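Have a look at the structure below before the remarks.
Note that the structure is predicted; figures quoted are calculated from it, not measured. Both ligands and their constituent atoms are indexed starting at 1 by order of listing.
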Amino acid sequence: MKHFEANFDGLVGPTHNYAGLSYGNVASLNNAAAASNPKAAAKQGLLKAKSVADLGLVQGILAPQERPDLHTLRRIGFTGSDAEVLSKAAKSAPALLKACCSASSMWTANAATVSPSADTLDGKLHFTPANLVDKLHRSIEPNTTSNILKATFNDSRYFKHHQHLPEHSSFGDEGAANHTRLCSAYGHAGVELFVYGQEATNPSAPKPHKFPARQTLEASQAIARLHQLNDEGTVFIQQNPDVIDQGVFHNDVIAVGNQNVLFYHEQAFLNTQAKFAEIKRKFGESPIHFIEVPTAKVAIQDAVKSYLFNTQVITLPSGEMAIIAPTNCQENPAVHAYLNELITLGTPIKQVHYFDVKQSMQNGGGPACLRLRVAMNQNEAAALNQNTIMNDALFTRLNLWVDKHYRDRLSVADLADPQLVIESRTALDELTQIMKLGSVYQFQQ
Ligand SMILES: NCCC[C@H](NC(=O)CCC(=O)O)C(=O)O
């Protein structure tokens, strides 16, 4: 049976904006209050997704969420018509209105943690939506994320959907951004690498001093239990708290894995040598490549600015690996020089493809943030909702849909515009018909 890894990219929603909501995420804070271009953002994302499909990979799309989130605004006490709820919130709690308008669900690396059937005891493909409790604007995503994942992977013979973890800082969970899977082939049992920022129940364990560690060990362990992973197929490794304090708010800003390659920065982890020995032992006999980028070649600051590690390492149909990088990597001399060198080093990575995803980058989301990886076999691929799969027809259809419904300029002041609610709901209602998702949004129920 054929096995492969599919990427499910988040479609950027109509309210994409720069609100400076993510303390610890340098780009989000630096671009706070800049005007955004939702139309360009969505089209940049679609082009990246289509290009990966054209390289021969299975590529899916995950629908965005309903924003402004009037249900949350009503839940916290704002009353009246939609327009009244928005204007009252804009006046008395502008920070809460901003949190209820973010298009942050586009970063589907944070949608869920996924364990392929090759790794799980029951032989099912497991999904646990991330609770994203560290950030208010993201903590309101998991219920709708769950609806969208269930409408996309909609066959209980193959797919097991769990509820998100308890909504408490002890279980801070950021999904696949803090998880990577190493394997000799996609269909073989792999080693799932869980990268956590702190131990919630051990106050004396290392943790960052300045910025939050969003992922806890307790959350990672809970996911491994839920997904029925065995001890020999899991490794828990701590992210270096010093780099979190320098803006590495998720592990996928400093490391990325694919099959038998782990591409990471020298300063990414704690106890690196001991943990790598554990990975090697659990990985088994076949060769594994640890590609370490030294600080002398790429400083942490350059990694954070360029998103060198927020690249997608993909396996092409030829078996060669390619890196999908943001154009920001080309614009940073040290990083560009490193990538030019990397493809000559004799590792499995032989090509680099650059994409302009600047609208997303300005909020701290690179190519890898925009996609959720789902390793699967051909039966699982045939069982999922085929209307979510990228091809020429869906690419054309979604670009037309974006042209019809999206604005090309949005500022924070526009978030209180009641017309934005109508535009966003009209767009999403049509999208659920295009992608045959059913009623995944609260406004449809
Ligand atoms: N994986 C990338 C996630 C980026 C995301 N940024 C944001 O939510 C910024 C939103 C804003 O500031 O408007 C985050 O920090 O979780």
>> Are there over 12 heavy-atom neighbours, none belonging to Lys358, within less than 6.0 Å of that residue's NZ?
In response: yes
> Looking just at side-chain N and O atoms, do Thr145 and Gln65 make a donor-acceptor pair shorter than 3.5 Å?
Replying inline: yes
> If you count the atoms of ligand 1 from 1 in the order shown, which ones are under 4.0 Å from a heavy atom of Gly20?
Replying inline: 11 (C), 12 (O), 13 (O)
>> Give me the nearest non-hydrogen protein atom to atom 14 (C) of ligand 1 as residue plus atom name, then the distance to 0.1 Å.
In response: Ser22 OG, 3.4 Å
> Nearest non-hydrogen atom to atom 6 (N) of ligand 1 belongs to which of Asp252, Val412, Asn363?
Replying inline: Asn363
> Angle class for the His227/His126 ring planes (parallel below 30°, perpendicular above 60°, tilted otherwise)?
Replying inline: tilted
> For ligand 1, which atoms have a heavy atom of Ser28 less than 4.0 angstrom away?
Replying inline: 9 (C), 11 (C), 12 (O)
>> Check this for me: Lys297, atom NZ, are more than 12 non-hydrogen atoms of other residues, nucleotides or ligands nearer than 6.0 Å?
In response: no
> Where is the tightest heavy-atom contact between Glu141 and Ser104, given as atom of each residue plus distance?
Replying inline: OE2-OG, 2.7 Å
> Around atom CD of Glu430, are there more than 12 heavy atoms of other residues, nucleotides or ligands at under 6.0 Å?
Replying inline: yes
>> Heavy atoms only, cut-off 4.0 Å: how does Asn25 contact ligand 1, side chain, backbone, both, or neither?
In response: side chain
> With atoms numbered from 1 as shown, which atoms in ligand 1 lie under 4.0 angstrom from a non-hydrogen atom of Asn17?
Replying inline: 13 (O)
> Using a heavy-atom cut-off of under 4.0 Å, does the side chain or the backbone of His250 touch ligand 1, or both, or neither?
Replying inline: side chain
> Which is it for Asn110 and ligand 1 at heavy atoms under 4.0 Å: side chain, backbone, both or neither?
Replying inline: side chain
>> Could you tell me if the side chain of Leu47 sits less than 4.5 Å from the side chain of Ser51, heavy atoms only?
In response: yes
> Taking all non-hydrogen atoms of both residues, which atom of Val195 and which atom of Gln215 are closest, and how far apart?
Replying inline: O-CG, 3.6 Å
> At a 4.0 Å threshold, what atoms of ligand 1 neighbour a non-hydrogen atom of Gly364?
Replying inline: 2 (C), 4 (C)
> Under a 4.0 Å heavy-atom limit, does Lys135 contact ligand 1 with its side chain, its backbone, both, or neither?
Replying inline: neither
> Applying a 4.0 Å heavy-atom criterion (strictly less than), which segment of Arg214 is in contact with ligand 1: side chain, backbone, both, or neither?
Replying inline: side chain
> Hey, is ligand 1 close enough to Cys369 that some N/O pair sits below 3.5 Å?
Replying inline: no
> Considering only protein heavy atoms, which is closest to atom 8 (O) of ligand 1, and at what distance to one decimal place?
Replying inline: His137 NE2, 2.7 Å
>> Measuring only between side-chain heavy atoms, which start at C-beta, is Thr426 closer than 4.5 Å to Lys404?
In response: no
> N/O to N/O below 3.5 Å, does that happen between Arg138 and ligand 1?
Replying inline: yes
> So do the side chains of Leu431 and Leu398 get within less than 4.5 Å of each other, counting heavy atoms only?
Replying inline: yes
> Nearest protein heavy atom to atom 13 (O) of ligand 1, by residue and atom, and its distance?
Replying inline: Ala19 N, 3.0 Å
